[in-house]
Structure formats: structure tokens, C-alpha cells
Amino acid sequence: MPKMIVSIDGVVIKEVQLTKDRTTLGRRPYNDIVIDNLAVSGEHAVMQMMGNEVYLEDLNSTNGTYINGKAVKKQLLQNNDTVEIGKYKIKFMNEAAGPTFEKTMVIKAGAAGVAPAQPAAAPAAPVDGAASNAAIKVLSGAAAGREVPLVKVVTTIGKPGVAVAAITKRPHGFVVAHVEGVNKPTLNGAPIGAEPVTLKNGDLLELAGTQMQFVQA
């Protein structure tokens, strides 16, 4: 099933499955994909699904719609195309997920174990060097002792609505950034903002009262 993965500065903020013949995107809350940013028009663009094909059409937006860096009015989307609207990048995916495509894990404060959240941005690609054999180990709470392997491109951790961070795999290591929630997560006692911060083996994370450690072989 085709889907759109919305990100800003490399951090995935939402993922939307395209299940309708017509999916709208814009700043207004009645859109199917809402991006609350002044660079996005109230009714910015629409995705029209015809069988297995999806066409993207710009709705005379103020700042325009770009596909792979090129301004478009209406265009057939191809798998892995990147739609750009302001600072937001929206990756279009339209192929069956492989066996390595797993659900992102969210560690819920006060909840037993680890619960599945939204799928990650993409199937995990083999990465050499630093970005391998890493995990998040839960140190406190009901899930203490549990480890979440960081095998996907993006893994989100935390408690939705309170504090959620995204750990992103990059060619030379992992970075963490605050994604949502009123309480900022901390890294070694320092608050984490929206700007990605590089993780090092042994770093201590705290989200929504749950303490975790980044471990890397």
C-alpha cells in the first residue's frame, strides 16, 4: 500500500497510508495530511490514487510543490520520490515491505514491556562501520532490563504525548532528536532539542521518567 513519510531535518514526524482515491495535504486541519507550517498553504496539494498509481497535483500553492528538487504542477509519483514543501520532505513509498521492515518500538513509561508504534521510515539497510550492533537498554521502570535493537533507519522511544525521541541510523553512527511531547528528553542530563545529537556508547537517556542507555558493540 502506498504511503507518505513526512520528515523535517532528517527526523520523521508522521507517516500516512494512502487508502483513499483522493488524499489532501495542507495547513488546514481538515486535510488528510496536516502540516501546520506557514510555508504550507491551507490547501497545498492532493494525491490522487488510480489503481496502483498515485498522481500528485499542486493546488496553486503559494510556495509551490517540488518532486526531487523540481517544481511540479501534476506528476505521477514513483517509488522513493521525495516531495518537498517548504522545509518538509515527504518520501513516497509504493512497494511491499520486505521481511526486514519492522515496527518502531516505543518504550512506555510505567507500562510493562515495549509496545509497537508506527512503522519506521524505511527498511533497515545494511550499514558498515559505526552504525551497527547498537541497542537501547531500559534501566528503570517495569521494562527494566529490556533491550531494543536499533536495526531500523528510525526508531522512536518514549511516551506519546509526554516525551518522544527519534533515534536515526546514519552511515557513521546514530543521532537522537526530540520529536514530540511537552517534556524534553535528556541525554546525560542535558535536554535534547529538535537538532539531532550524536550518540556515544554508554550515553544515558531519560524520557518521561524512564531511564535508558545507548549501548553499541
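Note that the coordinates shown come from a computational prediction; the quantities given were computed from them, not determined experimentally. For reference, positions follow the sequence shown, starting with 1.
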Members sharing [X]'s hydrophobic cluster (side chains within less than 4.5 Å):
{"X": "Leu38", "result": "none"}
{"X": "Met50", "result": "Tyr55, Leu76"}
{"X": "Val46", "result": "Leu59"}

Are Ile33 and Tyr88 connected in the hydrophobic side-chain network, where two residues link if heavy atoms are under 4.5 Å apart?
-> yes
Only pairs at least two apart or in different chains count here, so list each side chain to side chain donor-acceptor pair (under 3.5 Å) that has a residue in residues 65-74.
-> His44-Thr65, Asp58-Thr65, Asn60-Lys73, Asn68-Asp81
Asn80/Lys91 under side-chain contact (heavy atoms from CB on, under 4.5 Å): CA gap, chis, key distance, verdict = CA-CA 6 Å; Asn80 288 325; Lys91 188 172 183 179; 3.2 Å; yes
State the CD1-CZ distance between Ile35 and Arg28, to the nearest 0.5 angstrom.
-> 14.5 Å
At what distance, to the nearest 0.5 angstrom, does CG of Leu56 lie from OG1 of Thr23?
-> 10.5 Å
Pairing residues for Asp32 by the salt bridge (Lys or Arg N to Asp or Glu O under 4.0 Å) criterion, not counting sequence neighbours = Lys20
Using side chain to side chain donor-acceptor pair (under 3.5 Å) as the criterion, list what pairs up with Glu57, not counting sequence neighbours.
-> none
Less than 4.5 Å apart, any side-chain heavy atom of Glu147 and any of Ile136?
-> no
Between Asn63 and Ile85, is any pair of side-chain heavy atoms under 4.5 Å apart?
-> no
Steps toward side-chain contact (heavy atoms from CB on, under 4.5 Å) verdict (Thr24, Arg22) | CA-CA 7 Å; Thr24 59; Arg22 179 182 170 88; 4.2 Å; yes
Given Met4 and Ile90, is the side-chain contact (heavy atoms from CB on, under 4.5 Å) satisfied, shown in steps?
-> CA-CA 6 Å; Met4 311 294 286; Ile90 308 171; 3.5 Å; yes
Counterpart residues, side-chain contact (heavy atoms from CB on, under 4.5 Å), relative to Thr62 (two or more places apart) = Ser41
Under 3.5 Å donor-acceptor pairs involving side-chain atoms of residues 195-209, not counting sequence neighbours:
unit_1: Asn201; atom_1: OD1; unit_2: Gln216; atom_2: N; d: 2.8
unit_1: Asp203; atom_1: OD1; unit_2: Asn188; atom_2: ND2; d: 3.0
unit_1: Asp203; atom_1: OD2; unit_2: Lys200; atom_2: N; d: 2.8

Output every pair passing ring-ring contact (aromatic ring centres under 6.0 Å, His included) with a member in residues 181-217, not counting sequence neighbours, ordered by first then second residue.
-> Phe174-Phe214
Residue pair Lys87, Lys89: steps toward the side-chain contact (heavy atoms from CB on, under 4.5 Å) verdict | CA-CA 7 Å; Lys87 292 183 178 180; Lys89 294 183 184 296; over 6 Å; no
